[in-house]
Amino acid sequence: MNSKGAPMPVTEHLAGQWREWRHKHVSDLTRPYGWTALVAQYWLHEGASGVELELLTGAWSVEDGRVIYTPPAEGPTLSVDGEYPTGPVEIVTGRNQTYGHGASAPVYFGECEVETVPRTNDAGERIFGVRVRDPRVSVRAEQIGLTAFDYDPDWRIPAAFTPAERDDVEQETVERGVRETTSRIGTLRFEHGGKTYEIVLIGKDAGDRVQPVAHIRDLTSGPVTYGAGRVIELEFSEDGEGRIDWIDFNYAVALPCAVTNFVTCPLPPRQNHLDFEVLAGEKRPEHDVARVLTYEAPAG
């Protein structure tokens, strides 16, 4: 039972729900404009002007924190929100096909999708990534070698959430020199092996709600599961009281950087490094991604 006395569903129910979720997760990952379709990631700094990007057209600049695209005088151009721009136009930051963003609009160049994302560098300066997704190179799960442990109800563990004032942290990422804002919303306490653990939770904005996420590393990270850690999306209680009653490690998945080079996955908080093996959830992809850094800090 959880802290309110509700019975834990039987294993058949839990495993069935997990299989459906797992299928959708892998399908989203490998869809035409999913994470496996990324082919490029470029970087722009404030004040950049007239920058040409290898796989794209036109000129790119950053003005007052806005990414501006200027189409070429002739030849192929971007499609921005269903139209070909005739002059400079802002490419609003936000993942379009992947998560969506309240103000962003669909941007394409031929078959490829284009998006911009805000980040900071180690000097605290605002920088902007320009990413390109090509559906012609998106791969299937079996090509990645993406598998998971079978569902094990023993890894669905009672937990208790302690909320805290939202704290935005510029977290280091797998892309050296680039930081990503992660919003810490509280801590989650649970017990394992006779020991109490307390980890930091991150709040991911998801439309009109906040999705609580646990980003962990454990003793399987590297040899068995993805080395940069895994994330587990958690659920607030349905009664609206803001509780989190369980952490289900069967739902642990690798970050997108496990399947593509062109992302900036944050590293897990130091306090979320667990001193035991989590033999549940997604395993390390069979085929490693050769990580090549895409960001270079300005000289001086």
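- Two residues are said to be in side-chain contact when any heavy atoms from C-beta on lie closer than 4.5 Å; L255 and H215 meet this criterion.
- Expressed to the nearest 0.5 Å, how far CD1 of I144 lies from CD of E286 amounts to 11.0 Å.
- Environment of CZ in R176: sparse, with no more than 12 heavy atoms of neighbouring residues, nucleotides or ligands closer than 6.0 Å.
- The distance from atom CD of E238 to atom CZ of R243, rounded to the nearest 0.5 Å, is 10.0 Å.
- L44 pairs with exactly one of I68, I127, V130 by the side chain to side chain contact (heavy atoms under 4.5 Å, CB included) rule, that one being V130.
- Between P268 and H273, the closest side-chain pair of non-hydrogen atoms falls below 4.5 Å.
- Taking hydrophobic clusters as Ile, Leu, Val, Met, Phe, Trp and Tyr residues chained together by side-chain heavy-atom distances below 4.5 Å, L55 shares a cluster with V80.
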Applying side chain to side chain contact (heavy atoms under 4.5 Å, CB included) to L53 and V51, what does each step give before you reach the verdict? CA-CA 7 Å; L53 305 179; V51 178; 3.8 Å; yes
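- When the side chains of ILVMFWY residues are joined at heavy-atom separations under 4.5 Å, either directly or via intervening members, L78 and V39 end up in a single hydrophobic cluster.
- In this structure, NZ on K283 lies 5.0 Å from OG1 on T147, to the nearest 0.5 angstrom.
- The distance from the CG atom of L38 to the CD atom of E113 is 8.5 Å, given to the nearest 0.5 Å.
- Shown here is H287, whose NE2 atom has more than 12 heavy atoms of other residues, nucleotides or ligands within 6.0 Å.
- Looking at F276 and Y197, their side chains come closer than 4.5 Å, going by heavy atoms from C-beta outward.
- In this structure, OG1 on T77 lies 12.0 Å from CD on E83, to the nearest 0.5 angstrom.
- Annotation: side chain of R119 is in contact with side chain of E180 (closest heavy-atom distance under 4.5 Å).
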Verify side chain to side chain contact (heavy atoms under 4.5 Å, CB included) between R189 and T196, making sure each step is shown before the conclusion. CA-CA 7 Å; R189 184 182 300 108; T196 300; 3.4 Å; yes
Determine, stepwise, if the pair W246 / M8 fulfils side chain to side chain contact (heavy atoms under 4.5 Å, CB included). CA-CA 10 Å; W246 307 91; M8 177 171 166; 4.0 Å; yes
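- Using modelled atom types, one side-chain atom of R230 and one backbone atom of E282 make a donor-acceptor pair closer than 3.5 Å.
- Checked against the 6.0 Å centroid criterion, the rings of H25 and W18 do not qualify as a close aromatic pair.
- Pairing each heavy atom of Q41 with each of N261, the nearest pair is NE2-O, 4.5 Å.
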Should S104 and E115 be marked as a side chain to side chain donor-acceptor pair (under 3.5 Å) after you check the CA-CA gap, both sets of side-chain angles, and the distance that decides it? CA-CA 9 Å; S104 66; E115 65 185 15; over 6 Å; no
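- In terms of hydrophobic clustering, with Ile, Leu, Val, Met, Phe, Trp and Tyr side chains grouped at heavy-atom distances under 4.5 Å, L267 and L274 are assigned to different clusters.
- Nearest heavy-atom pair across P71 and G87 is CD-O, 3.3 Å.
- In plain terms, the two heavy atoms of H45 and E296 that are nearest each other are CE1-O, 4.2 Å.
- Taken together through direct or relayed side-chain contacts under 4.5 Å among Ile, Leu, Val, Met, Phe, Trp and Tyr, L234 and V213 form part of one hydrophobic cluster.
- In terms of modelled atom types and a separation under 3.5 Å, the side chain of R133 and the main chain of G34 share a donor-acceptor contact.
- When ring centroids are compared, F109 and Y69 stay outside the 6.0 Å threshold.
- Salt bridge R66/E90: present, at least one basic N to carboxylate O contact under 4.0 Å.
- The closest donor-acceptor contact from the side chain of R291 to the backbone of C257 lies under 3.5 Å.
- When atom types are taken as modelled, the side chain of E172 and the backbone of V178 share no donor-acceptor pair closer than 3.5 angstrom.
- Of the N and O atoms on the side chains of T181 and E170, at least one donor lies less than 3.5 Å from an acceptor on the other residue.
- Across V132 and Y42, no two heavy atoms sit closer than the pair CG2-CE1, 4.2 Å.
- Tracing side-chain contacts under 4.5 Å through hydrophobic residues (I, L, V, M, F, W, Y), one reaches L201 starting from V231; they form part of the same cluster.
- Side-chain N or O atoms of S138 include one that pairs as donor or acceptor with a backbone N or O of R31 at under 3.5 Å.
- Shown here is D168, whose CG atom has more than 12 heavy atoms of other residues, nucleotides or ligands within 6.0 Å.
- Proximity of a side-chain donor or acceptor of R217 to a complementary backbone N or O of N272 within less than 3.5 Å is not detected.
- In terms of modelled atom types and a separation under 3.5 Å, the side chain of E175 and the main chain of L293 share no donor-acceptor contact.
- Looking only at atom types and distance, the side chain of T264 has no donor-acceptor partner in the side chain of T173 under 3.5 Å away.
- Inter-residue side-chain proximity for P223 and R284 is flagged as unmet; no heavy-atom pair is nearer than 4.5 Å.
- Across every non-hydrogen atom of P266 and Q171, the tightest pair is CB-CG, 3.9 Å.
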May I have the step-by-step check of side chain to side chain contact (heavy atoms under 4.5 Å, CB included) for I232 and D248, ending in yes or no? CA-CA 8 Å; I232 307 159; D248 194 334; 5.6 Å; no
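- In this structure the side chain of F149 reaches within 4.5 angstrom of the side chain of V224, judged on heavy atoms.
- Under a cut-off of 6.0 angstrom, the local environment of CG in D275 is crowded, with over 12 non-hydrogen atoms contributed by other residues, nucleotides or ligands.
- Counting heavy-atom neighbours within 6.0 Å of E198 CD, excluding the residue itself, gives a total above 12.
- Looking only at side-chain heavy atoms (C-beta outward), P88 and E63 stay at 4.5 Å or farther from each other.
- Checked by atom type and distance alone, the side chain of E46 pairs as donor or acceptor with a backbone atom of G65 at under 3.5 Å.
- Of all the heavy atoms in Y251 and L14, the pair that sits closest is OH-O, 4.5 Å.
- With a 6.0 Å radius and a threshold of 12 heavy atoms from other residues, nucleotides or ligands, Y84 has its OH atom at or below the threshold.
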Please evaluate residues Y295 and D122 with respect to the criterion side chain to side chain donor-acceptor pair (under 3.5 Å), reporting the C-alpha separation (whole Å), side-chain torsions for both, the decisive distance (0.1 Å), and the verdict. CA-CA 11 Å; Y295 177 73; D122 286 345; over 6 Å; no
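- With rounding to the nearest 0.5 angstrom, the OG1 atom of T30 is 9.0 Å from the CG atom of L146.
- In summary, the side chains of T93 and T116 do not present any donor paired with an acceptor at a separation below 3.5 Å, with no hydrogens or angles considered.
- In this structure, F190 and P158 have side chains that are not in contact, with every pair of non-hydrogen atoms separated by 4.5 Å or more.
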